[in-house]
Amino acid sequence: DTEVTQTPKHLVMGMTNKKSLKCEQHMGHRAMYWYKQKAKKPPELMFVYSYEKLSINESVPSRFSPECPNSSLLNLHLHALQPEDSALYLCASSQLGTGEQYFGPGTRLTVT
Amino acid sequence: AQSVTQPDIHITVSEGASLELRCNYSYGATPYLFWYVQSPGQGLQLLLKYFSGDTLVQGIKGFEAEFKRSQSSFNLRKPSVHWSDAAEYFCAALTGTASKLTFGTGTRLQVTL
């Protein structure tokens, strides 16, 4: 199984809502990532988890809160987002140190 | 500063023609290098990777890339493009020890029939 799954595929939320994005992989990878991608731009790294511990936070606003409940799951909790947070949110996983990241299909988030 | 550069924002080729997408990197040492492809609204798919050894690497979907240390380049090639290859292509490099990928700005490939 070389698949990373993400739910939901699409999400529309208001600025006062709380929602969560979910990501799952069963490849035994011990590194998991959240990226944000705006249209016609490359992915921007948000967070990295290594062995279920947060190892990189790229100065992401606190309205984004990641969580790694176990080695297969990665969540991104969203609260009080702004319209400029509308983007494609990608999850990825890899073996540590290889850089060979496997990406999920993404969640298209629209903040109204 | 460490960086990955893709000089071509947009390339158009005819179906059946050959393709070369350019990628240059700027690092103190040779990084791990990757090419990813992204269809509209989708995630990224790894086409191929270079870690060390043979400088010509083969990937999926008939793609190959050649690492040239003297030119700090890792260009992607395909001998005959298919209409389904139309997509965004990203070159990326692995930096440091933190499994952090640095992406180029991407090249959008359009294929004309």
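Just so we're clear, the structure is a prediction, and the values are computed from it rather than from any experiment. Lettering of chains follows the sequences in order, A, B, ..., and the numbering in each one begins at 1.
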> Could you give all pairs that pass the ring pair (Phe, Tyr, Trp, His ring centres under 6.0 Å) test and reach residues 63-93 of chain A, with sequence neighbours left out?
Replying inline: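 Passing the test, one end in residues 63-93 of chain A: A/Phe64-A/Tyr89.
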> So which part of A/Glu58 gets closer than 4.5 Å to some heavy atom of chain B, the side chain, the backbone, both or neither?
Replying inline: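 For A/Glu58, the side chain is the part near chain B, not the backbone.
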>> Counting only non-hydrogen atoms closer than 4.5 Å, does A/Gln37 touch chain B with its backbone (N, CA, C, O), its side chain (CB onward), both, or neither?
In response: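 The side chain, not the backbone.
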>> Does this structure show an ion pair linking B/Arg22 with B/Asp8, if we count only N-O contacts that are shorter than 4.0 Å?
In response: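 Judged by the 4.0 Å cut-off on N to carboxylate O distance, B/Arg22 and B/Asp8 do form a salt bridge.
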> Can we say B/Arg77 and B/Glu64 salt-bridge, meaning some charged N sits less than 4.0 Å from an Asp/Glu carboxylate O?
Replying inline: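 So B/Arg77 pairs with B/Glu64 through a salt bridge.
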>> Would you call the rings of B/Tyr50 and B/Phe74 parallel, tilted or perpendicular, taking 30° and 60° as the class edges?
In response: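 Rings of B/Tyr50 and B/Phe74: tilted, as their planes differ by 30° to 60°.
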> Does NZ or CZ of B/Lys78 fall inside the cone over B/Phe63's six-membered ring, less than 6.0 Å from its centre and within 45° of the axis?
Replying inline: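 Pair B/Lys78/B/Phe63 counts as cation-pi.
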>> Using only non-hydrogen atoms and a strict under-4.5 angstrom cutoff, which residues of residues 103-113 of chain B touch chain A?
In response: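 Against chain A, the residues of residues 103-113 of chain B that fall inside the cut-off (heavy atoms, under 4.5 Å) are B/Phe103, B/Gly104, B/Thr105.
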>> Tell me every residue that passes side-chain hydrogen bond (donor to acceptor under 3.5 Å, both in side chains) with A/Arg30, counting only those two or more places apart in sequence or in another chain.
In response: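 Listed in chain order: A/Glu52.
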>> Holding to side-chain hydrogen bond (donor to acceptor under 3.5 Å, both in side chains), I want the full list of residues that pass it with A/Asn57, two or more places apart in sequence or in another chain.
In response: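 Counting only residues at least two positions away or on another chain, A/Asn57 forms no side-chain hydrogen bond (donor to acceptor under 3.5 Å, both in side chains).
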> So which part of B/Leu101 gets closer than 4.5 Å to some heavy atom of chain A, the side chain, the backbone, both or neither?
Replying inline: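 Looking at B/Leu101, backbone and side chain both touch chain A.
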> Which bit of B/Gln45 comes within less than 4.5 Å of chain A, counting heavy atoms only: side chain, backbone, both or neither?
Replying inline: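 Neither part.
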> Counting heavy-atom pairs under 4.5 Å to chain B, which of A/Ser94, A/Pro42, A/Cys91 comes out on top?
Replying inline: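 Looking at each option in turn, the highest pair count goes to A/Pro42.
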>> Would you say CD1 of B/Ile9 has more than 12 non-hydrogen atoms from neighbouring residues, nucleotides or ligands within 6.0 angstrom?
In response: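 At most 12 heavy atoms, drawn from other residues, nucleotides or ligands, come within 6.0 Å of this atom.
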